[in-house]
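Report on the structure given below.
A, B, ... follow the sequence lines: proteins, then strands. Residue 1 opens every chain. Since we're looking at a predicted model, the values are computed, not measured. Hydrogens, waters and symmetry mates are skipped; everything else that's a heavy atom, side chains included, is used.
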Amino acid sequence: MRGQDGPAPGAVERTHEKYSPRPRPRFDATRGQPIGSPPMSDPSPASPVRVRFAPSPTGYLHIGGVRTALFNWLFARRHGGRFVLRVDDTDAQRNVAEALAPILDGFRWLGLDWDEGPEVGGEYGPYYQSERQPRYQAAVDRLLAGGFAYRDYARPEEIQAERAAAEAAKEPYVASRRWAGETDADRERFAAEGRSFVVRLRMPRAGQSRIDDLVRGEVVTDWAAEADHVIQRADGSFLYNLASVVDDIEMRISHLIRAEEHLSNTPRQLFIWQGLGAPPPVFAHLPVVAEPGSRVKLSKRKLDRYLKNPEFAELYERGRRIAERLGHAVAADTFNPVIVDFYRESGFLPDAILNYLLLLGWSLDDRTEILDAEARIAHFSLAGVNRASASFDPAKLLSFQERYMQALPAAARTELVLPFLERAGWIGSPPSAAERATVLAIVTAAAERLKVAGDILDYEELFVADSALVWDEKAFAKRLQQPPAAAVLLGEMRAELAAAPDFTPAALEALFAGFVAARGLGLGAIVHAVRVAVSGKAVGFGLFDLLSILGRERVLARIDRALARLAAP
RNA sequence: GGCGCGUUCGUCUAGGGGUCUAGGACGCCGGCCUCUCACGCCGGUAACACGGGUUCGAAUCCCGUACGCGCUACCA
């Protein structure tokens, strides 16, 4: 089993009835590096699984980034390895701590805990690239000394001229290396000309680079197709390809699970691994998370465009409505379904998001959709990762949310909902015992109408003073003003409610049944009128639950107010 | 332009030469339930990008084309 990326025998056996494991991985993982994924009962100290996610402190957590992080996290947990968070702040100009906070908060909220990284430390730190400069310099020096890199004294316009010439000749551009400072004499001469230098990789011009990608299989590229990439700028700062590889080496990263956009970067990075004399990790390039109905990578900057997709718009609208009631800002770059905070602020469940994201590019079999945290870890395998990019489906995400929400007992849903009501100022903070009891009753009555926790804010009518209740005009007209008998019936019902011995839903239902039976009417003849009178709305959960929750006093006060308006000219 | 990667219902996917008149889920459409809404239940719609091979047989293997995405930065 060692060296194979498949479920450990124990895990498969345990769940054999429920899930049918794949017959075999898509690719023979043993062809590449030994990937060290032994069963958890037999950890291999020689090649422990170590994976990383390296976010830039951008101030927000991208949903696609979460998917990549999730796959890394799952892989680490599945194989008893370590999940490392590394902060990619090489060109950090702003306040890193401030820009990192939403990202770390997002991970915490989702339950993606990291074993090494910011706040927790670890033996391979520091975990901020900005604090690792000396290591990068040492690596550059070593590449230079080994002939894997050179100092390039060319001026930008000279490089451009060479490129333009190659393009004009319709030939691929190949660096001339004319201004390579190979000797001390060269360097002095160039410096005397007022030239500065960058450090470039001296890429091979023959042969091929070859990786065995766990998702894509074998990927072969001609070395000659690779440019002499810059790894250190003229100002001495370092570039991504260099810093990333140095860190991955020093942090002992065993598997590089990252988005497909990095596949083309791999050969040049492989060259650095070679130059530094380190064995490369095992690669797994994940398909990107794309825009709804497209293959283009999802971006937080294109909200306006995504809003043209009805399902995306519906998801956004749900969150926006909630944020608005809480008085939160809804600026596109902070409040947006591409950003994880959107879901937290709307009251989504982390498990629902994780489950949805897991199935975006991965599947267990032909029917399993719901995988709880344990099952996700037990069954995750890179062999199940798809190759094609997957477009983000807002409707399906919502459907996972609904399913997870429905699975929660009312008491748990109440706990989720309470903070929203507190923040809206509709109940005390902390809520009183009576308020908690009322909210539990509301949550129970609302049942599956609460798709996200923030949906509780749709029930404002249950929290406002009777005198402040606002009627939906259309509903008021249709159910109370237009039907000729509405006012009379409502008045008669008012009397019965006032005299009702019991205000439980069951008793109220019996009362209403008797009321319509005595008059030879259908239930609808009175139910709608009462609903609009007491809630102001045409829609909502069961009327008897509604009346029972409001209680006799408030129900009568609201009906009286409606009757007064009906009586007015 | 060059190089790399990809392509099964609108979307996520199952599929590894015959069990595929291509399965599941979300969406959508229709119906049932019903005091409205939501839930639930039943039914339906809908796909192997195209063209060549290989083979008795191709969604599946090979080649090509088209289209999409990525890289080709002193971005990450």
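The side chain of A/A388 sits closest to B/U7 out of B/C5, B/G24, B/U7. Side chain of A/R403, nearest nucleotide from B/C26, B/A14, B/G6: B/C26. With B/A76, B/U13, B/C5 as the choices, the nucleotide that has an atom nearest any side-chain atom of A/S363 turns out to be B/U13. Between B/G6, B/A76, B/A14, one nucleotide has an atom nearer to the side chain of A/S56 than all others, and that is B/A76. The listed nucleotides are B/C37, B/G4, B/C35; the one nearest the side chain of A/F544 is B/C35. Of the candidates B/U72, B/A76, B/C35, B/U72 carries the atom nearest the A/H229 side chain, counting heavy atoms from C-beta on. Considering only side-chain atoms of A/V539, the nucleotide from B/U36, B/C35, B/A76 that sits closest is B/U36. With B/C35, B/C39, B/G4 as the choices, the nucleotide that has an atom nearest any side-chain atom of A/Q406 turns out to be B/C39. Side-chain proximity of A/D88 to the nucleotides B/C3, B/C12, B/A76 is greatest for B/A76.
Put simply, the side chain of A/S264 and the base of B/G70 share a donor and an acceptor less than 3.5 Å apart. Interface remark: the A/K396 side chain does form a donor-acceptor pair with the B/A25 base, using a distance-only criterion of under 3.5 Å.
For an aromatic pair to be called close, the ring centres must be under 6.0 Å apart, and A/Y240 with A/H229 fails this. The ring of A/F512 has its center closer than 6.0 angstrom to the ring center of A/F544.
A/E369 has a carboxylate O that lies under 4.0 Å from a charged side-chain N of A/K396, or vice versa, which qualifies the two as a salt bridge.
Within 4.0 Å of A/F512, counting heavy atoms only, lies no atom of the nucleic acid at all. Among the atoms of the strands shown, base atoms are found under 4.0 Å from some heavy atom of A/L543. Residue contacts for A/E171: at a heavy-atom cut-off of 4.0 Å it reaches no nucleic acid atom on any strand shown. A/V230 comes within 4.0 angstrom of the backbone, heavy atoms only, and of no base. As judged by a 4.0 angstrom heavy-atom cut-off over every strand, A/Y173 is placed among residues making no nucleic acid contact.
Applying the 4.0 Å criterion to OP1 and OP2 of B/A14, one finds that A/N386 has a side-chain N or O inside that range.
Looking only at distances, a side-chain donor or acceptor of A/D228 sits under 3.5 Å from a matching main-chain atom of A/M203.
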